[in-house]
Amino acid sequence: MNHKYSPIELPQKKKWTEDERAALAQKLDDDLDRFMEEMAAKKAEKPEPRKPFDFDEWCKEIDQHPAFMKEMPKDGKYKDTIEALQAMKYDKEDDEDKQQNAEHHKNEGNKHFKFKKYRWATDCYSNGGYITLSKLKQLILFEGIKENCPDRKLNAVLYFNRAAAQKHIGNLRSAIKDCSMGRKFDPTHLKGVIRGAECLLELEYAKDALNWIESSKKIFAFTKETSETPDLTEDEKKYIDELEKTRVKAVELSLKEERDKRKSRAEERKETEAKKKLLDALKERNLNLSPRVPFDHPELMDMARLTVSLPLMHTHECVKFDDDSNLVWPILLQYPEAGQTDVLTETSELTAIGELLKEVFREPAQWDPEHKFQFDNVRFFVSDQYDEYLTEVYEWNDFKTILSLPGNQIKQGLPVIMILTKEKAAESLEALSEGENKYVAK
């Protein structure tokens, strides 16, 4: 857990000399020693069972010391100490002081960056330096970039250096923003420009990186031509060479991006054409599907509407074409009186139900030890979409005919066939009218 402490704004006091600062720092260290000893004494007075170290609880206790307070205590306690701490901020009365402060924060940030303390470095570049209290090494943040220093080049360095720290801790987008700000202050800072391009390339924005490099080169050329020192320095020549290498890399990645986009568009067109073919076939067969599908807009079709996923199945199944452009379906078989189900995959629409199920019923299922469900002892039904009646289908009906029956609805791409023994069908169903194959429960 990160704890960030904002400095408490108080009226500016007198300027402090270095000796006074050193004496005050020593006093604060001594006070902190006493504070820690008092905390230990309180713990000793009320011994409790040893608990695991709780960082949040420790922070609450340590926040009671003025060096770490996040807000001014209402009772005025520690007023003098807090004012002294506030007075230790670098004076900000004129532009020269602001520039010295900004230089100090830049140097502190560079030191942290050198030792790979990138988060501390970003704080120094953006919010300032720190005072080290020997016991806990806590940081009291000053203002760095916010100093509004009049030196544009120094401001550029602060932004570009913070971008470097951001880059190292993975905040690439923040790094790019800082590079953009840095370039506004100093377009000739090519090292920072390269850093911005590298961040864009890491994010796989090759085209944006190329545009960034080209625009930076133009701004650099104009700035140098209109400056008092138009000749290139050795460092600038070196960075121009590096920038060119980065540009070549950006070009290569940009071309790859274009190839990938063309390939992706081709795959999308192919997928849309396949969807159109399937939707046309479903529409031609006048199938009642739920949820509904956009027959005339294949580009909007979500195949999840026709994709089946059941615990009985180890894969996802979806209606598709066979080699002869006939539809192939997954089929759910229901046995209501036994409380069982079965799934058949890749059932051609041209297959007659009797032809398929003769093989299914040849041997008894584990849940049918008496082998009641024999082909000659069963009847087949499909339900209407409102579950108001059942329509009987016969062994010679193929699935293309069955699925197109009026009232039959295919839910989530999975047609359902209900199978009852003849005895169960006779005792539980009655015909809607004589001679019809529609039945309701008795």
Side-chain angles (χ1 to χ4, degrees), residues 282 285-290 308-315 317-324 326-442:
L282 296 173
R285 288 157 176 77
N286 196 31
L287 298 179
N288 182 2
L289 301 171
S290 177
V308 183
S309 177
L310 293 174
L312 296 172
M313 303 171 63
H314 300 294
T315 59
E317 299 291 337
C318 184
V319 59
K320 58 189 176 184
F321 289 102
D322 62 15
D323 293 338
D324 297 322
N326 298 309
L327 291 181
V328 176
W329 293 88
I331 303 291
L332 178 66
L333 304 179
Q334 286 185 340
Y335 306 90
E337 62 190 287
Q340 298 292 328
T341 60
D342 197 5
V343 177
L344 303 177
T345 60
E346 300 195 5
T347 304
S348 171
E349 64 180 349
L350 300 184
T351 302
I353 189 171
E355 177 187 345
L356 180 67
L357 295 185
K358 277 181 182 179
E359 290 298 320
V360 173
F361 296 128
R362 189 177 300 278
E363 298 292 334
Q366 289 183 350
W367 46 265
D368 183 24
E370 298 179 8
H371 203 182
K372 290 182 179 181
F373 287 86
Q374 297 183 41
F375 185 75
D376 294 333
N377 190 41
V378 293
R379 294 168 67 181
F380 313 112
F381 301 88
V382 293
S383 175
D384 77 301
Q385 68 185 85
Y386 304 111
D387 294 325
E388 294 178 346
Y389 62 87
L390 299 178
T391 300
E392 186 171 11
V393 296
Y394 306 102
E395 61 180 283
W396 56 83
N397 294 137
D398 60 31
F399 282 96
K400 184 175 183 180
T401 302
I402 293 171
L403 300 184
S404 300
L405 287 173
N408 184 27
Q409 186 175 68
I410 301 171
K411 296 180 180 178
Q412 199 63 47
L414 183 64
V416 177
I417 304 296
M418 188 180 300
I419 303 172
L420 298 173
T421 61
K422 289 181 177 180
E423 181 182 357
K424 184 66 175 178
E427 72 180 36
S428 61
L429 300 176
E430 63 179 2
L432 281 176
S433 60
E434 189 175 347
E436 272 198 297
N437 64 339
K438 291 183 173 58
Y439 297 84
V440 294
K442 287 184 177 180

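Values below: all heavy atoms of this structure, side chains included; hydrogens, waters and symmetry mates excluded. We count residues from 1, following the sequence as given.
- Among pairs with a residue in residues 336-359, none fulfils ring-ring contact (aromatic ring centres under 6.0 Å, His included), at least two apart in sequence or across chains.
- Residues satisfying the side-chain hydrogen bond (donor to acceptor under 3.5 Å, both in side chains) criterion with Glu388, sequence neighbours excluded, are absent altogether.
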Donor-acceptor contacts under 3.5 Å from residues 358-367 side chains, at least two apart:
residue, atom, partner, partner atom, Å
Glu359, OE2, Arg362, NH2, 2.8

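- For the side chain to side chain contact (heavy atoms under 4.5 Å, CB included) test, residues two or more places apart in sequence or in another chain that qualify with Val328 are Lys320, Asp322, Glu346.
- Asn288 meets the side-chain hydrogen bond (donor to acceptor under 3.5 Å, both in side chains) test with Gln385, Gln409; sequence neighbours excluded.
- For the ring-ring contact (aromatic ring centres under 6.0 Å, His included) condition, the pairs that include at least one residue of residues 405-442, sequence neighbours left out, are Phe381-Tyr439.
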Can you give me every donor-acceptor pair (side chain of residues 400-407, partner residue at least two apart or in another chain, under 3.5 Å) with its distance?
residue, atom, partner, partner atom, Å
Thr401, OG1, Asp398, OD1, 2.8
Ser404, OG, Arg285, O, 3.1
Ser404, OG, Lys400, O, 3.0

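- Contacts classified as ring-ring contact (aromatic ring centres under 6.0 Å, His included) and involving residues 417-436 (residues at least two apart or in different chains) are not found.
- Phe375 is linked by a ring pair (Phe, Tyr, Trp, His ring centres under 6.0 Å) to nothing, counting only residues two or more places apart in sequence or in another chain.
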Report all side-chain donor-acceptor pairs from residues 411-423 shorter than 3.5 Å, counting only partners two or more places apart or in another chain.
residue, atom, partner, partner atom, Å
Gln412, NE2, Ala304, O, 2.6
Thr421, OG1, Glu337, OE1, 3.1
Thr421, OG1, Glu337, OE2, 3.1
Thr421, OG1, Lys424, N, 3.3
Lys422, NZ, Asp376, O, 2.8

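- Evaluation of the side-chain hydrogen bond (donor to acceptor under 3.5 Å, both in side chains) rule for Asp387 yields Ser383 as partners, not counting sequence neighbours.
- With sequence neighbours left out, the side-chain hydrogen bond (donor to acceptor under 3.5 Å, both in side chains) criterion links Glu355 to no other residue.
- Residues Leu432 and Val440 have side chains in contact (heavy-atom distance under 4.5 Å, counting atoms from C-beta outward).
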